[in-house]
Amino acid sequence: SYFGVYLYYRAQHEQEFLSAQSHLALWLGVLDTIVLLTSSWSIARSVQAARVGDYPAARRNAAVTAALGLVFMALKITEWVRQIHAGHTFSSTEFFQYFFFLTVIHFVHLLIGFVALGVLIDQQSNPRRRSQEVIETCATYWHTVDFFWVLIFALLYVVR
């Protein structure tokens, strides 16, 4: 519903949103997206490896996923600092209010995703507690966070 609210207000204040949006670095949003889509690929590889019982490969791919998540977080923090130094804060314009709200909420969900990755890695590491259902549920959460980033990227960086 928040995406719908954003689109409604964007339509009501098109020029203001376009002007503020021009301060975003599209290349950085593209890089964020590539990093998270690659993390979706690596978590899918982790699930595939777990399905065939190759738990060392599954854990390696899960570790790659976590590393890519950390890269995304570093890029996002860099972008926030860049925007704040340029004078674009949560209260500077309505667009940046949405920008910070959406990206911070996504960031919180990404942090929760790290908990899910920890559970997934624990499941892959402990033969007595292994559950493919839990592994796949954790991976699905990670995919969902990535999917929401793609929506956020499209709304904030691409839609003109």
Side-chain angles (χ1 to χ4, degrees), residues 1-48 59-123 134-160:
S1 66
Y2 201 78
F3 296 137
V5 171
Y6 168 81
L7 288 171
Y8 173 79
Y9 281 102
R10 187 185 190 294
Q12 301 302 310
H13 309 283
E14 187 175 351
Q15 287 305 324
E16 177 189 331
F17 273 57
L18 285 172
S19 177
Q21 186 181 28
S22 70
H23 296 285
L24 297 181
L26 179 61
W27 69 269
L28 194 50
V30 169
L31 184 57
D32 286 337
T33 304
I34 290 168
V35 167
L36 278 189
L37 290 177
T38 304
S39 79
S40 271
W41 173 78
S42 62
I43 199 66
R45 301 255 318 148
S46 178
V47 169
Q48 288 173 335
R59 286 189 301 275
R60 279 193 306 275
N61 280 297
V64 167
T65 301
L68 290 166
L70 290 171
V71 169
F72 176 88
M73 290 173 70
L75 289 169
K76 191 51 52 198
I77 290 168
T78 299
E79 183 175 25
W80 291 335
V81 168
R82 185 174 175 255
Q83 291 302 332
I84 290 167
H85 277 74
H88 307 295
T89 65
F90 184 81
S91 60
S92 61
T93 67
E94 195 167 5
F95 173 82
F96 277 104
Q97 185 175 15
Y98 285 103
F99 170 81
F100 282 107
F101 182 80
L102 288 170
T103 58
V104 167
I105 290 297
H106 180 264
F107 195 89
V108 169
H109 284 88
L110 188 66
L111 291 173
I112 296 166
F114 282 107
V115 173
L117 284 177
V119 170
L120 180 141
I121 291 169
D122 179 63
Q123 290 286 310
V134 172
I135 290 169
E136 295 197 22
T137 299
C138 293
T140 299
Y141 180 84
W142 191 267
H143 287 305
T144 303
V145 172
D146 291 354
F147 171 72
F148 280 121
W149 172 254
V150 171
L151 291 176
I152 292 167
F153 169 69
L155 290 174
L156 295 176
Y157 295 84
V158 178
V159 173
R160 300 280 175 194

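Throughout, residue positions are numbered sequentially from 1 according to the sequence presented.
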On a heavy-atom basis, the closest approach of S39 and D146 is OG-OD2, 3.1 Å

Counting only heavy atoms not in R59, do more than 12 sit closer than 6.0 Å to its CZ atom? yes

Would you find more than 12 non-hydrogen atoms of other residues, nucleotides or ligands less than 6.0 Å from Y2 atom OH? yes

Rounded distance (nearest 0.5 Å) linking atom CG of D122 with atom CD1 of I135: 9.5 Å

Closest non-hydrogen atom pair between A139 and L120, with its separation: N-CD1, 4.0 Å

When rounded to the nearest 0.5 angstrom, what is the spacing between CD1 in I105 and CG in L110? 12.5 Å

Provide the closest heavy-atom pair for V119 versus C138 in the form atom of the first, atom of the second, distance. CG1-SG, 3.7 Å

Any side-chain heavy-atom pair from L31 and W27 closer than 4.5 angstrom? yes

Which is it for Y6 and F3 under the ring pair (Phe, Tyr, Trp, His ring centres under 6.0 Å) test, yes or no, and what are the steps along the way? CA-CA 5 Å; Y6 168 81; F3 296 137; 8.3 Å; no

Could you give the distance from CZ (F17) to CD (Q12), rounded to the nearest 0.5 Å? 10.0 Å

Kindly state whether the ring of F95 and the ring of Y98 have centres lying under 6.0 angstrom apart. no

Going by the rule side-chain contact (heavy atoms from CB on, under 4.5 Å), which residues pair with V115 if we only count those two or more places apart in sequence or in a different chain? none

CZ-OG1 distance between F147 and T140, expressed to the nearest 0.5 angstrom: 13.5 Å

Between the side chains of T103 and W80, does any donor sit under 3.5 Å from an acceptor? yes

Closest non-hydrogen atom pair between R82 and A25, with its separation: NH1-CB, 3.2 Å

Would you check, one step at a time, whether the test side chain to side chain contact (heavy atoms under 4.5 Å, CB included) holds for L24 with F96? CA-CA 10 Å; L24 297 181; F96 277 104; 4.0 Å; yes

Any heavy-atom pair between the side chains of Y9 and E94 that's under 4.5 Å? yes

Would you mind reporting whether I112 and V145 have side-chain heavy atoms less than 4.5 Å apart? no

Can I get a per-line list of side-chain donor-acceptor pairs under 3.5 Å for residues 152-160, giving both atom names and the distance, sequence neighbours left out?
from : atom 1 : to   : atom 2 : distance (Å)
Y157 : OH     : K76  : NZ     : 3.2
Y157 : OH     : E79  : OE1    : 2.7
Y157 : OH     : E79  : OE2    : 2.6
R160 : NH1    : Q21  : OE1    : 3.3
R160 : NH2    : Y157 : O      : 3.2

Any non-hydrogen side-chain atom of S46 less than 4.5 Å from a side-chain atom of T65? no

Stepwise, does the ring pair (Phe, Tyr, Trp, His ring centres under 6.0 Å) test hold for F99 with H23? CA-CA 11 Å; F99 170 81; H23 296 285; over 10 Å; no

By salt bridge (charged side-chain N to carboxylate O under 4.0 Å, His left out), which residues pair with E14, not counting sequence neighbours? none

For F100, is the CZ atom crowded, meaning more than 12 foreign heavy atoms sit under 6.0 Å from it? yes

Rounded to the nearest 0.5 Å, what separation is found between the CG atom of L37 and the CG atom of L68? 10.5 Å

Answer yes or no: is there a donor N or O on one side and an acceptor on the other, between the side chain of S19 and the main chain of E16, under 3.5 Å? no

Between W149 and H106, which heavy-atom pair has the shortest distance, and what is it? CB-NE2, 3.3 Å

Is there a ring pair (Phe, Tyr, Trp, His ring centres under 6.0 Å) between F114 and W142? Walk through the geometry before answering. CA-CA 8 Å; F114 282 107; W142 191 267; 5.7 Å; yes

As an exercise, state the distance from CG of L36 to CH2 of W41, rounded to the nearest 0.5 Å. 15.0 Å

Do T144 and H109 have side-chain heavy atoms sitting under 4.5 Å apart? no

Counting C-beta onward and ignoring hydrogens, is there a side-chain heavy-atom pair between L75 and V71 closer than 4.5 Å? yes

Mind listing the closest non-hydrogen atom pair of A20 and T93 along with its distance? CB-OG1, 3.9 Å

